Amino acid sequence: MGILVAIEGLDGAGKQTIVGRIHAAAQERGARTTTFTFPRYGESITADLASEALHGEHGDLRNSVYAMALLFALDRAAAGAALKAACRDHDLVICDRYVASNAAYSAARLGEPIESSGVVDWVSDLEFGRFRLPVPDHQLLLGVPPEVAMARASGRAASDADRPVDHYERDGDLQSAVYAAYTDLASANWMSSWSHAADDDAVAAVISLL
Ligand SMILES: Nc1ncnc2c1ncn2[C@@H]1O[C@H](COP(=O)(O)OP(=O)(O)OP(=O)(O)O)[C@@H](O)[C@H]1O
Ligand SMILES: Cc1cn([C@H]2C[C@H](O)[C@@H](COP(=O)(O)O)O2)c(=O)[nH]c1=O
């Protein structure tokens, strides 16, 4: 059974970039490695609905923290069998966002402290309990603060017309609250062990698990 690692962090932090580097470094060491990216845009109707809501469609859907979290959770639930099969067939499975994204963004949106958050418990009961998604062996918080991540997201939007900033990405207060929520999840080693690192240290932290 391979190791399941979730890479977490803010919008624009560089998760996709670091996942690519970890994937390449693991393959270089001969590890059978694969990646999943959540939300699964273009593959999952619930993921697409969530994205459309974050870009202004579907009325007041995005105002509901629980409705948005449910869409993201249903997307992951539909990928559960593939995820479990990937863990059986590989040494390392890397997820670009996973269940902790739902915990961090939902708690931040509701202003709930992580240690007493009802929505964080609801997310873990729903996704790990009811949907039986595998608990990651390790979770990495990409240590890129809100002002840097927001600048990267804006830069990407300026150069890529297909990636305009969404409702969450343009909200600086939300990004700060999400980063604080992630930091608390990592400090508490929520659901499994966490590391909090950036750049080469983030790559090394995951590769050291092999
Ligand atoms: N270490 C870095 N230094 C500077 N720019 C970076 C770095 N890593 C990524 N970027 C740039 O920042 C932007 C966002 O990176 P990336 O798409 O990897 O982030 P992400 O966390 O996956 O974003 P999202 O969650 O919004 O999909 C891209 O334009 C990317 O080229
Ligand atoms: C998977 C997932 C995502 N979110 C949030 C995080 C982002 O702001 C948006 C879209 O994700 P992307 O990586 O920028 O494409 O949705 C969330 O709240 N819960 C989740 O499970």
Side-chain angles (χ1 to χ4, degrees), residues 6-23 35-44 46-56 61-80 83 94-110 119-120 122-124 126-128 131 133 136 139-179 181-182 185 191 197-203:
I7 307 301
E8 296 287 351
L10 294 179
D11 301 288
K15 296 177 300 300
Q16 186 181 27
T17 306
I18 216 80
V19 165
R21 289 187 57 196
I22 296 167
H23 190 190
T35 64
F36 285 74
T37 299
F38 295 105
R40 296 176 309 142
Y41 301 129
E43 283 178 68
S44 147
T46 52
D48 289 343
L49 285 169
S51 172
E52 288 155 16
L54 287 178
H55 287 95
L61 173 58
R62 72 159 186 257
N63 295 338
S64 169
V65 174
Y66 279 80
M68 290 299 292
L70 183 58
L71 290 175
F72 293 123
L74 287 168
D75 168 32
R76 268 186 296 277
L83 203 49
I94 314 164
C95 290
D96 176 349
R97 290 199 184 282
Y98 196 51
V99 178
S101 285
N102 244 353
Y105 279 79
S106 302
R109 289 190 68 192
L110 292 170
V119 77
V120 169
W122 175 82
V123 165
S124 63
L126 179 71
E127 300 208 45
F128 296 126
F131 294 163
L133 284 164
Q139 302 178 76
L140 180 130
L141 170 56
L142 191 55
V144 174
E147 56 281 6
V148 176
M150 288 184 80
R152 288 182 186 171
S154 305
R156 184 179 54 193
S159 63
D160 183 353
D162 292 335
R163 289 297 302 264
V165 289
D166 66 27
H167 186 73
Y168 289 173
E169 288 167 347
R170 72 172 71 99
D171 184 340
D173 290 341
L174 175 66
Q175 295 295 324
S176 296
V178 171
Y179 198 62
Y182 266 134
L185 288 169
M191 298 307 296
D199 303 317
D200 291 350
D201 291 341
V203 178

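One-based numbering, in listed order, for ligands and for the atoms of each. Everything quoted here is computed from the prediction, not taken from an experiment.
- In this structure, atom 20 (P) of ligand 1 is in close contact with the protein, since a protein heavy atom lies within 4.0 Å of it.
- Under a 4.0 Å heavy-atom criterion, Gly9 is not in contact with ligand 1.
- Atom 26 (O) of ligand 1 has its nearest heavy-atom neighbour, among Arg156, Gln16, Arg97, in Arg156.
- Contacts of Asp199 with ligand 1, taken as heavy-atom pairs under 4.0 Å, involve the side chain alone.
- Ring-plane geometry between Tyr98 and Phe38 is classed as tilted, the angle between the planes lying from 30 to 60 degrees on a 0 to 90 degree scale.
- When atom types are taken as modelled, the side chain of Arg40 and the backbone of Asp75 share a donor-acceptor pair closer than 3.5 angstrom.
- Scanning the protein heavy atoms around atom 1 (C) of ligand 2, the nearest turns out to be Arg76 NH1, 3.5 Å.
- No side-chain heavy atom of Phe36 sits less than 4.5 Å from a side-chain heavy atom of Arg97.
- Here atom 7 (C) of ligand 1 lies nearest to Arg152 when heavy atoms of Arg163, Lys15, Arg152, Glu8 are compared.
- In this structure, Leu10 is part of the shell of residues with a heavy atom less than 4.0 angstrom from ligand 1.
- Any N or O atom pair closer than 3.5 Å counts here, and Asp96 shares no such pair with ligand 1.
- From the protein, the heavy atom lying nearest to atom 7 (C) of ligand 2 is Asp11 OD1, 2.9 Å.
- Closest to atom 10 (C) of ligand 2, if we only count protein heavy atoms, is Tyr41 OH, 3.2 Å.
- Remark: side-chain polar atoms of Ser64 are not paired, donor with acceptor, to backbone N or O of Leu61 under 3.5 angstrom.
- Given atom 18 (O) of ligand 2, the protein heavy atom at minimum distance is Tyr105 CB, 3.3 Å.
- Scanning the protein for heavy atoms near atom 16 (O) of ligand 2, the closest one is Phe72 CZ, 3.1 Å.
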